[in-house]
**Student:** 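Encoded as structure tokens, here's the structure I'll be asking about.
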Amino acid sequence: MTRKLHLHTDYYIILVVMVLFYPLLQPVHSYCSETLEPKPYFRRHLLTGFTKARQTVEVSSEVGGKCTAVYAEIGNTVPPSGILAEIESTYAQLDIRANRLEVESVKRQLVTERKMLQRYTSLLKKNSSTQAKLDEVTLSADLHEMKIQTLTNQYQRLQENLDRHTIKAPPGWTMIDRMIEPGEYVRQGETVAHIGDFNKLIIPLALSFKELQNLQKNPAVALYFPDLDLQTTGQIYRVSPTFSETTKKIPVDLIVDAKHDDNIIRGGLRAELHLKKLKKDAYLLPLSAVINRYDAYWIVKENGDRLKVLFLGTTEN
């Protein structure tokens, strides 16, 4: 029984033979007496994907107001401070100042109440005051202490509101779209920018189950970027638990670093991946080891017997 050997490259037809596994073959040419061993054939399948940001987010304003500054342009990265834009905060600052003044006022009143509490406590011991008056002064001091706690909580809320007038984003992420300019009014919840993490890039692919199994055998995936003439490696980032209803294939994302010496991979670049798959019963032989007579092909075994094979093509070399 024979076994078919199918070989394929991206640019050339490959020579293959359909044989049972014969490890040693004898070249037919009299000038060549070398014993050859068939080589297994790996089929190369080209996959192509385009790079995109590892993650993208829409940044929105948590407060309404006039935009006073924007610190990143489209294509630029968010500053190390993480501050993307600022909303006018005059009223928020005034509310905080009023809160601090009220706290100071209540604290002064509390100092007076505590002095009165000490005085009436001393007078009560001398029977020069009533218990009711002491209770009244004690209650007043307690209420002032509670007022200070309430104002402190209010201050924390006002400070949080003031912080929200500064729109922040992850430092080092890149501005994709910008929807505001200084001087424009921004509504609460309005999207002001679209940013992405281009420090690492995603290459989305759609693979069959067998292709996925083949890809998962190697932790480092060889990638080629023709626009940069760059060879590098990536890794499997995530594999969808389901499949596409249209293509019946599994969505798979590869991840690769953006910086490679003098090259920087940006979004939208084409990446090529060559999957190697072993074809059973397929072998490679030098052309000199195959006899061609009347469109029929044979190879010579080590013991001198001839074996008929199927010639499918030649490789690049």
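On a predicted model such as this, the values are computed, not experimentally measured, just so you know.
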**Student:** Looking only at heavy atoms, which two atoms of Ile167 and Ser61 are closest? And how far apart?
**Tutor:** CD1-CB, 4.0 Å
**Student:** Identify the two heavy atoms, one from Cys67 and one from Val186, that lie closest to each other, and give their separation to 0.1 Å.
**Tutor:** CB-CG2, 4.1 Å
**Student:** Would you check if the side chain of Ser89 reaches a backbone N or O of Leu162 as a donor-acceptor pair within less than 3.5 Å?
**Tutor:** no
**Student:** Run the side chain to side chain contact (heavy atoms under 4.5 Å, CB included) test on Ile236 and Leu254 for me, step by step, so that the C-alpha distance in whole Å, both residues' side-chain angles and the decisive distance to 0.1 Å come before the verdict.
**Tutor:** CA-CA 5 Å; Ile236 296 178; Leu254 305 181; 4.0 Å; yes
**Student:** Identify whether the distance between the nearest side-chain nitrogen and carboxylate oxygen of Arg114 and Glu145 falls below 4.0 Å.
**Tutor:** yes
**Student:** Are any side-chain N or O atoms of Glu211 and backbone N or O atoms of Ser208, one a donor and one an acceptor, separated by less than 3.5 Å?
**Tutor:** yes
**Student:** Keeping the roles fixed (side chain from Asn218, backbone from Ala220), state whether a donor-acceptor pair exists under 3.5 Å.
**Tutor:** no
**Student:** Verify the cluster assignment for Leu285 and Tyr297: are they in a single hydrophobic cluster under the rule of side-chain heavy atoms below 4.5 Å apart?
**Tutor:** yes
**Student:** In terms of hydrophobic clusters joined by side-chain contacts under 4.5 Å, are Val63 and Leu158 together?
**Tutor:** no
**Student:** Going hydrophobic residue to hydrophobic residue with side-chain gaps under 4.5 angstrom, can you get from Leu269 over to Val221?
**Tutor:** yes
**Student:** Looking at Ala169 and Val59, what are the two nearest heavy atoms and their distance?
**Tutor:** CB-CG2, 4.4 Å
**Student:** Which of these passes side-chain contact (heavy atoms from CB on, under 4.5 Å) with Leu215: Leu47, Val239, Leu275?
**Tutor:** Leu275
**Student:** Under 4.0 Å between a Lys/Arg side-chain N and an Asp/Glu carboxylate O for Glu73 and Arg178?
**Tutor:** yes
**Student:** Is there a side chain to side chain contact (heavy atoms under 4.5 Å, CB included) between Ile148 and Leu110? Walk through the geometry before answering.
**Tutor:** CA-CA 9 Å; Ile148 291 176; Leu110 181 60; 3.8 Å; yes
**Student:** Closest heavy-atom contact between Ser244 and Pro251?
**Tutor:** N-CD, 4.3 Å
**Student:** Check this for me: Asn153, atom CG, are more than 12 non-hydrogen atoms of other residues, nucleotides or ligands nearer than 6.0 Å?
**Tutor:** yes
**Student:** Could you report the tightest heavy-atom contact between Ala206 and Lys249, atom names first, then the distance?
**Tutor:** O-CD, 3.5 Å
**Student:** Could you tell me the separation between the OG1 atom of Thr232 and the NE2 atom of His260, rounded to the nearest 0.5 Å?
**Tutor:** 3.5 Å
**Student:** Group every Ile, Leu, Val, Met, Phe, Trp and Tyr by side-chain heavy-atom contacts under 4.5 Å, then state whether Ile195 and Val70 land in the same group.
**Tutor:** yes
**Student:** Between atom CG of Asp257 and atom CD1 of Ile265, what is the distance when rounded to the nearest 0.5 Å?
**Tutor:** 8.0 Å
**Student:** Working to the nearest 0.5 angstrom, can you tell me the gap between Leu151 CG and Gln156 CD?
**Tutor:** 11.5 Å
**Student:** Is the count of non-hydrogen atoms from other residues, nucleotides or ligands lying under 6.0 Å from Met146 atom CE greater than 12?
**Tutor:** no
**Student:** Step through the shown structure and confirm whether more than 12 heavy atoms of other residues, nucleotides or ligands are within 6.0 Å of OH on Tyr185.
**Tutor:** yes
**Student:** For the pair Ser240 (side chain) and Ile250 (backbone), establish whether a donor and an acceptor sit closer than 3.5 Å, ignoring hydrogens and angles.
**Tutor:** no
**Student:** Once rounded to the nearest 0.5 Å, what's the spacing between atom CG of Asp95 and atom CZ of Arg157?
**Tutor:** 11.5 Å
**Student:** Taking the side chain as C-beta and beyond, is there a heavy-atom pair between Leu287 and Phe311 under 4.5 Å?
**Tutor:** yes
**Student:** Would a 4.5 Å heavy-atom cut-off, applied to side chains only, mark Ile176 and Ile74 as touching?
**Tutor:** no
**Student:** Does any N or O in the side chain of Asp197 come within less than 3.5 Å of the main-chain N or O of Asn199, such that one atom is a donor and the other an acceptor?
**Tutor:** yes
**Student:** Of all the heavy-atom pairs spanning Thr77 and Ala72, show the shortest one and how long it is.
**Tutor:** O-CB, 4.1 Å
**Student:** Any non-hydrogen side-chain atom of Leu201 less than 4.5 Å from a side-chain atom of Arg54?
**Tutor:** no
**Student:** Just one of Leu223, Ile264, Asn263 clears the side-chain contact (heavy atoms from CB on, under 4.5 Å) bar with Leu230, so which one?
**Tutor:** Asn263
**Student:** Check the hydrophobic clustering (I, L, V, M, F, W, Y; side-chain heavy atoms under 4.5 Å; chains of links allowed) and say if Tyr71 and Met175 are grouped together.
**Tutor:** no
**Student:** State, with a plain yes or no, whether a side-chain heavy atom of Leu307 is found less than 4.5 Å away from one of Trp298.
**Tutor:** no
**Student:** For Lys248, I'd like to know if atom NZ has over 12 heavy atoms of other residues, nucleotides or ligands within 6.0 Å.
**Tutor:** yes
**Student:** Would Asp305 and Val300 satisfy side chain to side chain contact (heavy atoms under 4.5 Å, CB included), going step by step from the backbone distance to the final call?
**Tutor:** CA-CA 6 Å; Asp305 295 339; Val300 180; over 6 Å; no
**Student:** Roughly how far apart are Leu212 CG and Phe209 CZ, rounded to 0.5 Å?
**Tutor:** 7.0 Å
**Student:** Any chance CG of Asn303 has more than 12 other-residue heavy atoms, nucleotides or ligands included, within less than 6.0 Å?
**Tutor:** yes
**Student:** Quick one: do the Glu113 and Ser140 side chains pair a donor with an acceptor below 3.5 Å?
**Tutor:** yes
**Student:** For Glu58 and His194, indicate whether the former's side chain and the latter's backbone hold a donor-acceptor pair under 3.5 Å.
**Tutor:** no
**Student:** Is any side-chain heavy atom of Asp229 closer than 4.5 Å to one of Tyr224?
**Tutor:** yes
**Student:** Can you tell me how far apart NE2 (His165) and CD (Gln93) are? Round to the nearest 0.5 Å.
**Tutor:** 9.0 Å
**Student:** Evaluate Trp173 against Val57 for side chain to side chain contact (heavy atoms under 4.5 Å, CB included), listing each step before the verdict.
**Tutor:** CA-CA 10 Å; Trp173 285 35; Val57 296; 3.9 Å; yes
**Student:** Check whether NZ of the Lys or CZ of the Arg Arg270 lies under 6.0 Å from the centre of the six-membered ring of Phe225 and within 45 degrees of that ring's axis.
**Tutor:** no
**Student:** Between Leu273 and Leu46, is any pair of side-chain heavy atoms under 4.5 Å apart?
**Tutor:** no
**Student:** Is there a side-chain contact between Ile87 and Lys66 in this structure, where contact means two heavy atoms from C-beta onward sitting under 4.5 Å apart?
**Tutor:** no
**Student:** Is there a donor-acceptor contact under 3.5 Å from the side chain of Thr174 to the main chain of Asn76?
**Tutor:** no
**Student:** Determine, for Arg100 against Glu104, whether the closest basic-nitrogen to carboxylate-oxygen distance falls under 4.0 angstrom.
**Tutor:** no
**Student:** Hey, does Arg266 have a side-chain heavy atom less than 4.5 Å from the side chain of Thr51?
**Tutor:** no
